[in-house]
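We use all heavy atoms of the structure for the numbers below, so side chains are in, but hydrogens, waters and symmetry mates are not.
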Amino acid sequence: MPSEIKNKVYFLTNKKLFFKLVFTCILLFSCTINASEGKTPKVSNDIVPKDTIYVNTLNNRAKRLRFYNSDSLLSLANEALKLSEQLEYSYGISNALLHTANYYSDAGNSKKANKLYNQALEESKKINDSHLQLSIMNNFAQSYYYFGDYANSLAIYLEGVELAEKSNNNRMLSVMNENIANLYSAQKNYDQALLFLEKSLKLNLTLKNDFNSAKTLCNYAYLQSEIGNINNAMFNINKSISIFEEYNNIRWIAKSYRVKGDIYLKQKKYEWAIRWYDQSFHLYDQIKNNRDKLTLLSGLAYAHFGNNNTDTAELYALTAYNNAKELNSIKNLESAADILYKINKHKKDFEKSLFFHELYEKVTDSLSRNENKRSLLMLQTKIERDKQKETKEVVDKLENAKLRSAIYIGSSILIIWAIITFMMSRSRKAHKKLNTELQLKQVVLENREEELQEINETKDKLFSIIAHDLRGPIGALLDVLKMMKSGDLAITEFRDFVPKLIKDVDHISFTLNNLLSWGQTQMNGATTNTTLAELNTLAENNINLLAETAKKKNITLINEIPENTIIFSDPNQIDIVIRNIISNALKFTPKGGKITIDAQEKYQFIEVTIKDTGIGMSEEDLSKVFASNQSHTTFGTDNEKGTGLGISLSKEMVENNGGNLWAKSKLGKGTIFYFTVPKGEDNYQYTL
C-alpha cells in the first residue's frame, strides 16, 4: 500500500494524529508569514510534537530562508539535524546537512561546505532516494564550480546525469545539463555550452514547465550575448523575464534583469544598462545572494563609467573589489581591478591606476593559467568518466553472461548430458568474446591515456617556451619603453638600448616562426605540399637572409650546392629546415668561422650537408638534440638564445617529406648536419 494511502487511513482512525496535523498546518502557515518578514519562527517545545513531520517543517523552512536570512537557516538546520539524529531519520539528516552545507558554501567556506555535502550524499544513499541524491549532487557540484574546482564539479554533474537518466528524472536531468553548459561557458567553450543548453531546452519542452524553461532561457540569453547574437539574446531574456514576473520569483527576476543589463552594456547603451541594473540591485537588496550581486556590482561600475559617472562607478567598483576579496572570487576580482584601473587612469591618479593595472594583469595571468589547468582537468575527468562507464558496461555484460551460463547449466542437468555440454561450450564462447571485447576496450583506454599524456607534454613545452624565450625579451622591451615614457630614460640613453632591443625582437620573430610551425605539426594542422623545387636557390635565399648575423660574427657562409639541383618536396618546409640548421650553426660557431652547404645525389635522394667549424657537441648533447620528448637549448658563443625547437622541428619536416636528418659532431671540431630529400626530374617545370 502506498505511503500516502496509509497516512489517510491512519488519519481517519486516529483523532490525536488528526489534531497534530492540524496544528502543523497552522505552524507552516505562520512560518510562511514569518518568512515574508524575514523572522525566525518561535515554536513552543511543549505543544509541537517533535516527530518526522516537525523535522520536515524545519528543513522546508530552512530551505526557503537560504537567500533571505542565512543565520536563521543555520539555526533551523542545526535543530533539524539534532532531532533527526535522535529519531534516526535519515531523510531528515540528509536534508539538514544539505541546508547547512549551502550556508557554508554561500559564506565562502568551501572546505566545511564540501565535507557536509559528502555527509549529506552518503546519508541519502541509505534510503535510496534518487531525487534527494540528485538535489544534493547539484548543490555539491555548484559549490565546486563557485570555488573554481571545475574538474570535481564536472565529475559530480556527469554522475548526476547518469543517475537522472537511470531514474527517469527529466527535471533534474535538465538542470544537470544546464549547469554543465555553465561550466563550458566559464571556459569560453561556447559550442559545447550551446550543445548542453539545447539538451536542457528540449527536456523542458517535454516537462511543460514554464518556470524551468525560463531559467534555461535566461542562461541561453547570456550565452548568446557573449557570442555576439544580441537580437537572439534580447528576445530570450524578455521571454524569461515575463515568466519570472508571472511567478513573482525575486531571485530569478533579479538575475534576469542583470542579464538584460549585461546585454545593453555590450551594446554600449549605458543608460538602459543602468536602468536594468538598478532594478536588479533593488531586488538583490531583498535577498542574500552575494555571488550574483558581485557580478551586478561590476556591471554597474562599467555602465556608470561608460556614462561618465566616474564617482558612482568608482563606488560600485570598490564595493565589488572588497566583496570579491572577501568571498575569494578571482573572476570578480579581475573585473573589479580592470574597471578601477580605467577609472583611476581617467582621473589621472596614476599611482592607483598602476596598482590596479598590475593587480589585473596578475589576476588575469593566474586565472589564465588556472583555466588552462581546469580545461585539462575537465578533459581528463570526462575521459576517466567515459573509461569507468565503458569498463562497467563490459564487466556487467561479463557478469550477466556468467549468470545466464549458470542458469543454463542448472536447468540442463534435469534434461540430458548432451545439452549440458552444449550450454557449457556456448558459455565458454561468450566468455571468450567478452574477454576479447574487454581487452580491446583496455587498448582503447590506454591509447586515450597516451593521448592525454601527449597533450600535457605539448602544453608544458609550449608554456615553457612562452615563459622563458618570449616573456623575457618582451618584458625587457616593455620596461625600457615605460622608462622612456615616464622620463626616467632620456632619448640619448634609449639609443644605447636599441642594438639590444633589435636583437631581442629578431629573436622573438625567429622564435615565433618556429613556434607556429611546430604548433601546426603538433596539432595535426600542417600539410605537406610537395612540388619540384631548386635546392641551390633555397640555400642562397637563406644565406642572404642570415648574412647580417654572419657578418656580425665575421663568419663566412659558402654555398657549394650545384645549380639546377632539383628536389621533390615542400619548398616552404625545406626552407625552414635549412634556415634552422644554418641559424644553429651561426649560434655555435665562434667569430672568424666558416659554414659550408653542399649537396650530392644518392640514388633516389639528394643528400644535403651543412658543415660548421663551431664548438661541436658531445655524444650526450647530440642525443638530447634529437630527443622527441624534450627541447634542448644552450647559449651560443655570443650568448645567443634559442628555443630548442629548431632541430626537432626540422627533423619532423624532413621526415614529412620522405627523408631523414642526422648529425655528426666532435667537441672543438665542429658539427655536420645531414638530411635527405627525394630527387626531382630535370625536365619538369618548377616554381619557387
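- A salt bridge between Lys82 and Glu79 is absent, with no side-chain N of the basic residue lying under 4.0 Å from a carboxylate O of the acidic one.
- Residues that satisfy the salt bridge (Lys or Arg N to Asp or Glu O under 4.0 Å) test with Lys199, not counting sequence neighbours, are absent from this structure.
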Determine, stepwise, if the pair Phe244 / Cys218 fulfils side chain to side chain contact (heavy atoms under 4.5 Å, CB included). CA-CA 10 Å; Phe244 291 142; Cys218 182; 4.2 Å; yes
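- With hydrogens and angles disregarded, no donor-acceptor distance shorter than 3.5 Å links the side chain of Ser298 to the backbone of Thr295.
- Because its NZ or CZ atom is both nearer than 6.0 Å to the ring centre of Tyr104 and within 45° of the ring axis, Lys112 counts as a cation-pi partner of that residue.
- Ring-centre distance between Tyr264 and Tyr270: not below the 6.0 Å cut-off.
- Test Asp129, Ile136, Asn95 against Ser124 for side chain to side chain contact (heavy atoms under 4.5 Å, CB included) and you get one pass: Ile136.
- Environment of CG in Asn231: sparse, with no more than 12 heavy atoms of neighbouring residues, nucleotides or ligands closer than 6.0 Å.
- The two residues Tyr117 and Ser143 have their closest heavy-atom pair at CE1-CB, 3.6 Å.
- Annotation: Tyr257 is not in aromatic contact with Tyr277 [ring centroid separation under 6.0 Å not met].
- Although no hydrogens or angles enter the test, the distance criterion places a donor-acceptor pair under 3.5 Å between the side chain of Ser213 and the main chain of Asn209.
- A donor-acceptor contact under 3.5 angstrom links the side chains of Asn179 and Asn138, judged on distance only.
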Before giving the answer on ring pair (Phe, Tyr, Trp, His ring centres under 6.0 Å), spell out for Tyr321 and Phe356 the whole-Å C-alpha distance, their side-chain angles and the decisive distance to 0.1 Å. CA-CA 10 Å; Tyr321 171 71; Phe356 285 112; 5.5 Å; yes
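- Cation-pi contact between Lys342 and Phe305: absent, since separation from the ring centre below 6.0 Å together with deviation from the ring axis within 45° is not met.
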Working note: Asn114 + Asn118, criterion side-chain hydrogen bond (donor to acceptor under 3.5 Å, both in side chains); need CA distance, chi angles, decisive distance, verdict. CA-CA 6 Å; Asn114 292 345; Asn118 263 319; over 6 Å; no
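- Partner of His304 under the side-chain hydrogen bond (donor to acceptor under 3.5 Å, both in side chains) criterion, chosen from Asp311, Asn309, Thr312: Asn309.
- The two residues Ser240 and Ala214 have their closest heavy-atom pair at CB-O, 3.4 Å.
- The aromatic rings of Tyr144 and Phe140 sit parallel, their planes meeting at an angle under 30°, below the 60° perpendicular limit.
- Nearest approach of Leu134 to Met172, heavy atoms of both residues: O-CE, 3.6 Å.
- The shortest heavy-atom contact between Gly299 and Leu265 is O-CD2, 4.3 Å.
- Among all heavy-atom pairs drawn from Leu333 and Ala324, the shortest one is N-CB, 3.6 Å.
- No more than 12 heavy atoms of other residues, nucleotides or ligands lie within 6.0 Å of CD in Glu271, so this atom counts as exposed by the packing criterion.
- Closest heavy-atom contact between Ile156 and Met137: CG2-O, 3.3 Å.
- Between Phe211 and Tyr247, a ring centre-to-centre spacing shorter than 6.0 Å is recorded.
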